[in-house]
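First up is the structure itself, then whatever we jot down about it.
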Amino acid sequence: MEILDRTFYERETITVAKELLGKLLVRRNNKDNMIGKIVEVEAYSGSDDPASHAYHGRTDRNYLMFGHGGYAYVYFIYGNHYCFNVTAKVGNNPGAVLIRALEPIDGIELMQANRHVKDLKNLTNGPGKLTKVMNITIKHSGLDLTKGEDLFLCEPKDKQRFEIVSTKRIGVKSGIDKLWRFYIKGNTFISRR
DNA sequence: GAGAAGATCTCCT
DNA sequence: GGAGATCTTCTCA
């Protein structure tokens, strides 16, 4: 498998977000692999995006968004859930892409066991769900995704053509004029509301 | 050191 | 369709 390298991530956040659709997220857990195809993402920028963690400047929590692209940025939200982001940026403006939904590809039995859910369509269709299924926690924050270790992204073997739909982002109260949520048209594994 | 809000999910009606 | 669960982070004193 071809792991995405640094040059993929060090581009405009919006461009990276769109191109992440259809890529594979690989989670290596001891000897077991879990693989999911990315079907839904959201882009978060910096000083021009009031919904972004980076909007109010650099802090102890969001400093990863100000660093290089291609790193995992994981944070805990609502007392219950982790959200998994990939840093993606060009120049000095911070940026990250939130992975919102996956299509289960491999290691499905392990995924089901991690959440005690059998319905595939209800397994990874939300940011909090997919982190639980993939066993992604705050420990993975700051991980280099280009090294091919516990967690990385790669190019699928057979590239499929699909249409990209862009809509308003979900769950944010500011920046709703930006259509920075992207998903694969017709895919049944996206989250909705 | 206290208070409030948050890039969500699940259960209940 | 709506509210509760639950804790980290940020802001202000």
Side-chain angles (χ1 to χ4, degrees), chain A residues 9 12-18 20-21 23 25 36 38-67 69-89 93-104 111-143 145 151 153 164-184 187-193:
Chain A
Y9 300 104
E12 288 290 339
T13 305
I14 306 296
T15 305
V16 177
K18 286 183 186 172
L20 277 173
L21 292 173
K23 297 291 188 289
L25 174 65
I38 297 172
V39 296
E40 180 180 348
V41 297
E42 282 179 9
Y44 287 88
S45 180
S47 55
D48 57 341
D49 180 8
S52 171
H53 287 171
Y55 181 64
H56 297 290
R58 178 175 173 147
T59 67
D60 287 344
R61 176 218 227 178
N62 66 18
Y63 72 96
L64 286 165
M65 289 180 73
F66 291 79
Y71 286 84
Y73 169 43
V74 183
Y75 63 90
F76 199 65
I77 191 80
Y78 297 129
N80 280 322
H81 308 286
Y82 292 105
C83 288
F84 171 58
N85 300 249
V86 176
T87 60
K89 50 167 281 190
N93 196 28
V97 179
L98 170 69
I99 310 299
R100 288 192 54 87
L102 300 173
E103 177 180 336
M111 295 181 186
Q112 290 169 325
N114 282 343
R115 268 194 69 228
H116 307 290
V117 168
K118 287 197 173 178
D119 182 9
L120 285 186
K121 289 197 287 296
N122 194 26
L123 200 56
T124 52
N125 62 336
K129 296 181 184 178
L130 71 90
T131 51
K132 182 153 195 185
V133 160
M134 291 291 215
N135 199 18
I136 295 172
T137 71
I138 196 72
K139 290 178 189 170
H140 298 97
S141 200
L143 196 75
L145 297 171
L151 193 62
L153 295 156
I164 295 175
V165 183
S166 63
T167 70
K168 287 189 293 189
R169 289 173 292 183
I170 290 177
V172 297
K173 290 167 184 148
S174 47
I176 55 176
D177 56 319
K178 300 188 187 327
L179 302 180
W180 285 357
R181 172 180 178 237
F182 306 104
Y183 62 88
I184 295 177
N187 191 285
T188 54
F189 295 94
I190 64 169
S191 68
R192 3 172 181 172
R193 190 162 292 187

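Every chain is numbered from 1 and lettered A, B, ... according to where its sequence line falls, protein lines coming before strand lines.
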Original post:
Starting at the 5' end of DNA chain C, which residue's closest nucleotide do you reach first, A:I138 or A:Y78?
Top reply: A:Y78
**OP:** Mind listing the closest non-hydrogen atom pair of A:L123 and A:M111 along with its distance?
**Re:**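 So the minimum-distance heavy-atom pair works out to CD2-CB, 3.8 Å.
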Original post:
Nearest heavy-atom pair of A:I190 and A:V39: which atoms, and what distance?
Top reply: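 The answer is CG2-O, 3.8 Å.
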Original post:
Got a second to check how far A:R115's CZ is from A:L130's CG, nearest 0.5 Å?
Top reply: 9.5 Å
Original post:
How many angstroms lie between CG in A:L151 and NE2 in A:H140, if you round to the nearest 0.5 Å?
Top reply: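 That separation rounds to 6.0 Å.
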**OP:** Could you tell me whether A:K129 atom NZ has more than 12 heavy atoms of other residues or ligands within 6.0 Å of it?
**Re:** yes
Distance in angstrom units between [X] [atom1] and [N] [atom2], rounded:
X: A:F76; N: B:dT8; atom1: CZ; atom2: C1'; answer: 11 Å
X: A:Y82; N: B:dG6; atom1: OH; atom2: C1'; answer: 16 Å
X: A:N80; N: B:dG6; atom1: CG; atom2: C1'; answer: 12 Å
X: A:N85; N: B:dT8; atom1: CG; atom2: P; answer: 11 Å
X: A:H53; N: B:dG6; atom1: NE2; atom2: C1'; answer: 7 Å
X: A:Y75; N: B:dA5; atom1: OH; atom2: P; answer: 18 Å
X: A:I170; N: B:dC9; atom1: CD1; atom2: C1'; answer: 13 Å
X: A:N114; N: B:dC9; atom1: CG; atom2: C1'; answer: 17 Å

Counting the atoms with a prime plus P, OP1 and OP2 as sugar-phosphate, which does [X] contact under 4.0 Å by heavy atoms, base, sugar-phosphate, or nothing?
X: A:S52; result: nothing
X: A:R61; result: sugar-phosphate
X: A:G79; result: base

Original post:
So does A:R181 get a side-chain nitrogen or oxygen closer than 4.0 Å to the phosphate oxygens (OP1/OP2) of B:dA7?
Top reply: no
Original post:
Is there a side-chain polar atom (N or O) of A:K129 under 4.0 Å from OP1 or OP2 of B:dT10?
Top reply: yes
Considering only distance and modelled atom types, tabulate donor-acceptor pairs under 3.5 Å from the side chains of residues 71-85 of chain A, sequence neighbours left out.
{"from": "A:Y73", "atom 1": "OH", "to": "A:H53", "atom 2": "ND1", "distance (Å)": "2.9"}
{"from": "A:N85", "atom 1": "ND2", "to": "A:Y73", "atom 2": "O", "distance (Å)": "3.2"}

Original post:
Could you give the start and end, 5' to 3', of the contact zone on DNA chain C for chain A, using atoms under 4.0 Å from its heavy atoms?
Top reply: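 Contacts span C:dA5 to C:dC10, reading 5' to 3'.
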Subject >> side-chain hydrogen bond (donor to acceptor under 3.5 Å, both in side chains) between A:K121 and A:N125, intermediate numbers included >> reply: CA-CA 7 Å; A:K121 289 197 287 296; A:N125 62 336; over 6 Å; no
Original post:
Which dot-bracket string fits DNA chain B when only Watson-Crick or G-U wobble pairs with both atom distances under 3.5 Å count, crossing pairs get [ ], and | stands for a partner on a different strand?
Top reply: ||||||.|||||.
**OP:** Find out whether A:S52 and A:M65 are in side-chain contact, i.e. whether some heavy atom of one side chain is under 4.5 Å from a heavy atom of the other.
**Re:** yes
**OP:** Please examine the side chains of A:D49 and A:Y44, heavy atoms only from C-beta on, and report whether any two atoms are closer than 4.5 Å.
**Re:** yes
